[in-house]
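Only a predicted model underlies this, so the values are computations on that prediction, with no experimental measurement involved.
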Amino acid sequence: MLLSLKIENYALIKECDISFSSGFSSITGETGAGKSILLGALSLVLGQRADTNVLMDKERKCIVEALFETKQELKPVFEENDIDFDTQSYFRREILPSGKSRAFINDTPVQLSVLKEFADKLIDIHSQSSTTKLKEKSFQLSLLDSMIEDKQLLTTYRRTFSDYRHLLEEIEDLKHKQSESLKEQAYNEFLFNELEQAHLQENEQEELEEELSLLSNAEQIKENLFNVISLFENEGESNIISNLSNVKSLLSKISSHSKVLEDLYQRVDSSLIEVKDIFSELDSYNENLNFDNERLDYCNERLDLIYSLERKHNVTTVKELSAIKDSLSENLVFIDNISSLLTNKNEERKKYIKTLQQLSTQLSAMRKISAQKLEQNIKPLLNSMAMQDAVLKIELNSLDDFASNGKDSVSFLFSANKTKDNVLSEIGKVISGGELSRLMLAIKAVVAECFDLPTMIFDEIDTGISGDIAAKAGEIMQRIGDNHQVITITHLVQVAVKASNQFKVYKLSDKEQTVSNIILLNPKERLNEIALMLSDGEITQESLSLAKKLLGY
């Protein structure tokens, strides 16, 4: 239940603080006084978007705060969002001059999505546009669903359907990949086999390039090695080893006289050992170095193959070629496995279809019960609003495939008058504006009688009706108000007088600005307001007398 609404700096409202009670309340006022502004402000704390255009004073922030009586059934929703639960909870929205928005529940900052999550659990706002929605099949279906006792069933179906849709997308994606992979399979197999048969080894290219350089220059290398070896061991006393041995011998005779000489002697000795070792390796290398035409041809052929594969795959190393081979192998394995994967996914799809079929069947059964309740209970309400011959028939048909709300399509068939063949037509084709308003009000009354709905706000649901019919509409709202909080915005006296409480919205103007305000009328103020509504703005003795009669004063 809505206990109070506090508004600051919103549109034409400078500041107001309104308290509401249970039962049926009406809000009246001249056209343009700002009645709908109240709904606009209330929509902010229900998560609707807003910008700085709503600020009356562009230098100050706008604050809308609503106090609700919250039932224990809502406690899990509070806990899920880490919000402290209280039987009376504050919902506050602030719009800053910068355009930024902040939202709070019981002083806990929350996202707009959280406000929206609470919205339909706290208030059911019926605007003038909602009446025309009665012609839409999706809205008709939602009305039936609002009367289903097992609310969790539809939630479970929607979650399962969403998972099912994701599975179908996965299957289609796999099929596409399979199709594309099969198109390239033969070529990929050729590329893989070509790389596989090449038996490429890590660092092979570098080693072959080095060996090829050696073999290609073997004659020059041989000639220079011969000259180098000659310098080490040529006959006579001018070879490197002989000379270095003489140096060692001479230093050995004097090394004992100085630490420096001893160190130099040791270094010459080490160098001699190293030179002899170098000579030995050079001699061995020279002995084993032979020019091999067959090996030269092999190196050329092998490198030609590697270079050719690198050009084909637009890479420069054997390592990259190996990575491509691994990728091709994975792709070929995927093609082999994708059929099995698709089989598993299709088996999973069958399970989803079975579950969805069960859930949709249960939904259809419950919707048929809702349709029967609505058809039966709406008849006396329509009769009371001078639609004695009106007939509402709800048809449910099964769709060929699952949809987001089940497997049902709905049609609200209607006739306001007796027809020769009792022919009914879809609502949008045969109903007038006033009939549509009465029908919607009757539907809301039936739904309210079936379930414990949140606060119901009617924004001129009585548009298009007048006289005794308007009085009957007021009585229906009054009856709904016996068990629910009902707030209606109306221009009709016949509706306003049925309310337990009446609020008035009015405008005040000075030289600088015009502001809207709202007050709860006391009995005398209410009498004058009803008299004004009866006499088009001027209180007369006759209008006062009639107002007293209508209010039961």
Donor on one side chain, acceptor on other, [X] and [Y], under 3.5 Å:
| X | Y | result |
| --- | --- | --- |
| Glu460 | His491 | yes |
| Thr490 | Ser26 | no |
| Thr355 | Gln358 | no |
| Glu395 | Ser411 | no |
| Glu310 | Thr317 | no |
| Gln178 | Ser339 | yes |

(message) Do Tyr90 and Phe104 make a side-chain contact, defined as non-hydrogen atoms from C-beta onward lying under 4.5 Å apart?
(response)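 Not touching, per the 4.5 Å side-chain cut-off.
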Any carboxylate oxygen within less than 4.0 angstrom of a Lys/Arg side-chain nitrogen, looking at [X] and [Y]?
| X | Y | answer |
| --- | --- | --- |
| Glu65 | Arg92 | yes |
| Glu426 | Lys135 | no |
| Lys133 | Glu136 | no |
| Lys177 | Asp173 | yes |
| Glu94 | Lys100 | no |
| Lys6 | Asp17 | no |
| Lys407 | Asp401 | no |

(message) side chain to side chain donor-acceptor pair (under 3.5 Å) for Ser21 and Asn501? Distances and angles first, verdict last.
(response) CA-CA 8 Å; Ser21 59; Asn501 300 294; 2.7 Å; yes
(request) Answer yes if the ring centres of Phe161 and Tyr352 are under 6.0 angstrom apart, and no otherwise. (result)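 Ring centroids of Phe161 and Tyr352 are no less than 6.0 Å from each other.
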(message) Consider salt bridge (charged side-chain N to carboxylate O under 4.0 Å, His left out). Of Lys175, Arg349, Lys345, which one does Glu170 pass it with?
(response)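 Per the salt bridge (charged side-chain N to carboxylate O under 4.0 Å, His left out) rule, the option paired with Glu170 is Lys345, out of Lys175, Arg349, Lys345.
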(message) Around atom NZ of Lys121, are there more than 12 heavy atoms from other residues, nucleotides or ligands closer than 6.0 Å?
(response)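 More than 12 heavy atoms, drawn from other residues, nucleotides or ligands, come within 6.0 Å of this atom.
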(request) Look up atom CG in Leu200 and atom CD in Glu320, then write down how far apart they are to the nearest 0.5 Å. (result)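 Separation between the atoms: 12.5 Å.
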(request) Taking side chain to side chain donor-acceptor pair (under 3.5 Å) as the test, write out the residues that go with Asn405, two or more places apart. (result)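 If we apply the side chain to side chain donor-acceptor pair (under 3.5 Å) test to Asn405, skipping adjacent residues, the hits are Arg158.
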(message) Using only atom types and a distance under 3.5 Å, with no angle test, would you say the side chain of Ser43 pairs donor to acceptor with the backbone of Gly40?
(response)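 Here the side-chain-to-backbone pair exists.
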(request) Start with the C-alpha distance between Gln502 and Ser25, add both sets of side-chain angles, then the distance that settles side chain to side chain donor-acceptor pair (under 3.5 Å), and finish with yes or no. (result) CA-CA 6 Å; Gln502 184 174 343; Ser25 300; over 6 Å; no
(message) Using the ring pair (Phe, Tyr, Trp, His ring centres under 6.0 Å) criterion, which residues pair with Phe78? Sequence neighbours excluded.
(response)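 Partners of Phe78 by the ring pair (Phe, Tyr, Trp, His ring centres under 6.0 Å) criterion, ordered by chain and then number, come out as Phe85, Phe118.
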